[in-house]
Amino acid sequence: MVNLSDLFARNGSTCRPWPRVTVTEAEWNGLCAELAAGRLTLSALFGDSGAVHMALLEEDTGRLALASLPCPTGAFPSVARHHPPAARLERTIRDLFGLTPVGAPDLRPWLDHARWGVRAPLGAAIPDAGAGEAYPVLPVEGEGLHQIPVGPVHAGIIEPGHFRFSAYGETVVRLEERLGYVHKGTEGLMAGRMPEEAARIAGRHSGDATVAYALAFCRAVEAARGVAVPERAHALRGLMAELERLANHLGDIGAICNDAAFAIMLAHCGVLRERVLRASARAFGHRLMMDRVVPGGVAQDITVEAITGVKAMVAEVRRAFPALVRLYDETASLQDRTVGTGFTKPDYVRTFGTGGFVGRASGRGFDARRALPYPPYDRLPFEVPVRADGDVNARVWVRIREVEESLGLIIRLLDTLPKGDILAPVPAGGGEGVALVESFRGDVFAFVALESDGRVRRAHLRDPSWFQWPLLETAIEGNIVADFPLCNKSFNCSYSGVDL
């Protein structure tokens with residue numbers, strides 16, 4: 001048996017703050033067995049030139065380690081063979097690096113939509129090889145079943161994704177997702193750049209979580225170079241992260257209700273979300289606060305006038321939000337659509353290590369701000385709301401409680417804002433760093449390896465949606481087709497985040 005204690009006992013790791021250890025194939029298989037037994041949680045699985053890396057979390061102790069396996073033959077033992085959450089990650093590794101997971105239950109491409117011709121190396125241009133062969137959708141058999149294809153192009157401005165429903169009448173028997181349509185070569189674009197440039201790309205990996213992604217990337221860079229970020233910068237980063245969480249949760253609550261034909265909640269929540277975005281723009285010069293978190297700190301300080309504006313916004317949300325919560329809770333027709341719909345099994349959540357409101361609505365209380373505390377959350381009291389219902393209603397209520405917690409955190413951060421610098425220099429040099437940051441969707445993982453001249457050799461970003469999209473497929477089973485938009489919005493997974 002191989003466990004994280006064995007990995008921590010190894011010497012010579014240059015990765016900070018958690019070790020990266022080169023393992024043998026036997027040890028790799030041993031770690032897979034630990035995942036299958038539920039004693040470890042898969043935090044990330046990604047490829048490199050001639051190697052694969054697996055980030056493993058021990059939730060009871062809050063420890064994380066990175067196991068690396070060299071692949072001189074271009075193959076590695078499949079993790080998904082023992083642990084299903086690894087399946088799509090392995091498909092991505094095969095597409096980007098040509099490394100084959102031996103024994104994998106699913107070898108279909110993920111990012112390659114039969115247009116690359118040959119496996120494209122990381123960051124390479126994608127050749128246009130024509131339409132290519134049809135994607136092999138998993139078969140579903142049974143009398144009276146019919147298929148309903150939806151997408152990849154949808155109404156509105158949402159990102160592209162294909163959903164194949166197998167239904168018996170109106171009841172969904174199976175859903176299969178086909179994503180990968182917004183592959184941008186994000187990680188290839190970061191390679192070879194200085195951290196300041198790469199941070200801008202990281203912040204665009206999934207634009208609605210730009211603060212969280214930039215923060216995860218920057219914390220990994222700072223860990224690699226041993227940078228001490230000023231306390232004021234830590235507080236401003238936390239402020240931005242909570243403003244981002246607040247804006248997204250308000251938008252989601254309204255949008256979920258709108259998908260249940262209760263548009264008044266969308267209108268009122270939309271007004272409050274707009275107040276948050278305008279306060280963010282006044283405080284940091286950008287509605288989404290893009291490019292404000294930078295290696296070494298933050299790019300812009302907050303003024304006294306902006307602090308007053310943010311506090312006024314918080315007061316307005318606190319006045320208006322309770323009435324909206326009562327409206328949601330006391331509208332029987334709305335509850336009829338959300339209660340009991342899109343149930344997600346707690347066992348699935350634990351197996352997939354699902355974070356964010358999806359995990360917390362089904363009993364998994366993991367929150368990176370609490371489990372692996374980082375500044376400024378290591379000095380701030382706050383509650384992590386957890387429910388066991390596992391349905392659309394539970395995911396709404398987790399968001400409601402997190403809105404209330406974020407409002408309190410914003411005021412505490414402003415009232416205790418330290419004085420001093422907002423940026424520390426990042427010295428050029430090599431090294432490796434890992435970070436885990438809580439976005440509004442869940443935990444974002446970042447790994448960064450720097451060359452001796454300070455440029456990025458390899459950067460990997462793992463979106464929480466990797467472990468949420470598969471559970472959406474299970475949540476819709478047994479529900480009617482018309483409830484899919486409601487279930488889908490209650491998950492609000494990122495398309496861009498899993499398309500790299």
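As the structure is a computational prediction, the values presented were derived from the model and not from experiment.
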Yes or no on side-chain contact (heavy atoms from CB on, under 4.5 Å) for Val140 and Phe165, after CA distance, side-chain angles and deciding distance? CA-CA 10 Å; Val140 180; Phe165 297 89; over 6 Å; no
Contacts of Tyr495 meeting ring-ring contact (aromatic ring centres under 6.0 Å, His included) (sequence neighbours excluded), chain-then-number -> Trp469
Donor-acceptor pair, distance only, cut-off 3.5 Å: does the side chain of [X] make one with the backbone of [Y]?
{"X": "Gln468", "Y": "Gly355", "value": "yes"}
{"X": "Ser439", "Y": "Ala209", "value": "no"}
{"X": "Arg88", "Y": "Trp466", "value": "no"}
{"X": "Asn248", "Y": "Glu244", "value": "yes"}
{"X": "Ser465", "Y": "Ser494", "value": "yes"}
{"X": "Arg412", "Y": "Pro381", "value": "yes"}
{"X": "Asp389", "Y": "Asp391", "value": "no"}
{"X": "Asn479", "Y": "Gly342", "value": "yes"}
{"X": "Arg273", "Y": "Leu246", "value": "no"}
{"X": "Arg292", "Y": "Met290", "value": "yes"}

Decide yes or no on side-chain contact (heavy atoms from CB on, under 4.5 Å) for Ile400 and Leu324, but give the supporting numbers first. CA-CA 10 Å; Ile400 288 171; Leu324 297 179; over 6 Å; no
May I ask you to decide whether [X] forms a salt bridge with [Y], counting only side-chain N to carboxylate O separations under 4.0 Å?
{"X": "Glu141", "Y": "Arg174", "value": "no"}
{"X": "Arg401", "Y": "Glu405", "value": "no"}
{"X": "Glu176", "Y": "Arg108", "value": "yes"}
{"X": "Glu242", "Y": "Arg245", "value": "yes"}
{"X": "Lys184", "Y": "Asp499", "value": "no"}

Shortest non-hydrogen contact from [X] to [Y]?
{"X": "Pro101", "Y": "Arg94", "value": "CD-CD, 4.0 Å"}
{"X": "Cys487", "Y": "Thr341", "value": "SG-CG2, 3.8 Å"}
{"X": "Thr41", "Y": "Gly353", "value": "CG2-CA, 3.7 Å"}
{"X": "Leu57", "Y": "Arg63", "value": "CD1-O, 3.3 Å"}
{"X": "Leu250", "Y": "Cys269", "value": "O-CB, 3.3 Å"}
{"X": "Arg360", "Y": "Phe366", "value": "NH1-O, 2.8 Å"}

Looking at the rings of Tyr181 and His113, which for Trp means the six-membered one, are their centres under 6.0 Å apart? yes
Approximate separation, where rounding is to 0.5 Å, of [X] [atom1] and [Y] [atom2]:
{"X": "Ser206", "Y": "Leu461", "atom1": "OG", "atom2": "CG", "result": "10.5 Å"}
{"X": "Ile264", "Y": "Leu334", "atom1": "CD1", "atom2": "CG", "result": "11.5 Å"}
{"X": "Thr92", "Y": "Glu90", "atom1": "OG1", "atom2": "CD", "result": "10.0 Å"}
{"X": "Leu436", "Y": "Asp443", "atom1": "CG", "atom2": "CG", "result": "5.0 Å"}
{"X": "Phe357", "Y": "Arg387", "atom1": "CZ", "atom2": "CZ", "result": "15.0 Å"}
{"X": "Asn258", "Y": "Leu266", "atom1": "CG", "atom2": "CG", "result": "4.5 Å"}

Would Arg318 and Ile411 satisfy side-chain contact (heavy atoms from CB on, under 4.5 Å), going step by step from the backbone distance to the final call? CA-CA 12 Å; Arg318 280 178 163 169; Ile411 294 301; 4.1 Å; yes
Name the residue from Met190, Glu187, His53 that meets the side-chain contact (heavy atoms from CB on, under 4.5 Å) definition with His460. Glu187
If you count every heavy atom of other residues, nucleotides or ligands that lies below 6.0 Å from [X] atom [atom1], does the total exceed 12?
{"X": "Ile148", "atom1": "CD1", "result": "yes"}
{"X": "Lys345", "atom1": "NZ", "result": "no"}
{"X": "Arg81", "atom1": "CZ", "result": "no"}
{"X": "Tyr348", "atom1": "OH", "result": "no"}
{"X": "Arg200", "atom1": "CZ", "result": "no"}

Below 4.5 Å, heavy atoms only, C-beta onward: do Ser78 and Pro105 meet side chain to side chain? yes
Quick test of your reading: applying salt bridge (Lys or Arg N to Asp or Glu O under 4.0 Å), list the pairs with at least one residue in residues 248-268, sequence neighbours left out, ordered by first then second residue. Asp252-Arg399, Asp252-Lys489
Is it true that the NZ or CZ of Arg369 lies under 6.0 Å from the centre of Tyr377's six-membered ring and within 45 degrees of the ring axis? yes
Stacked cation flag Arg204 on Tyr213, 6.0 angstrom / 45 deg: no
Do His162 and Arg164 have side-chain N/O donor and acceptor atoms under 3.5 Å apart? yes
Donor-acceptor contacts under 3.5 Å from residues 303-314 side chains, at least two apart:
| unit_1 | atom_1 | unit_2 | atom_2 | d |
| --- | --- | --- | --- | --- |
| Thr303 | OG1 | Ala306 | N | 3.1 |
| Thr308 | OG1 | Val304 | O | 3.2 |
| Lys311 | NZ | Asp415 | OD1 | 2.7 |

Quick one, Val325 with Trp397, criterion side-chain contact (heavy atoms from CB on, under 4.5 Å). Give me CA distance, side-chain angles, the key distance, then yes/no. CA-CA 9 Å; Val325 174; Trp397 273 105; 3.6 Å; yes
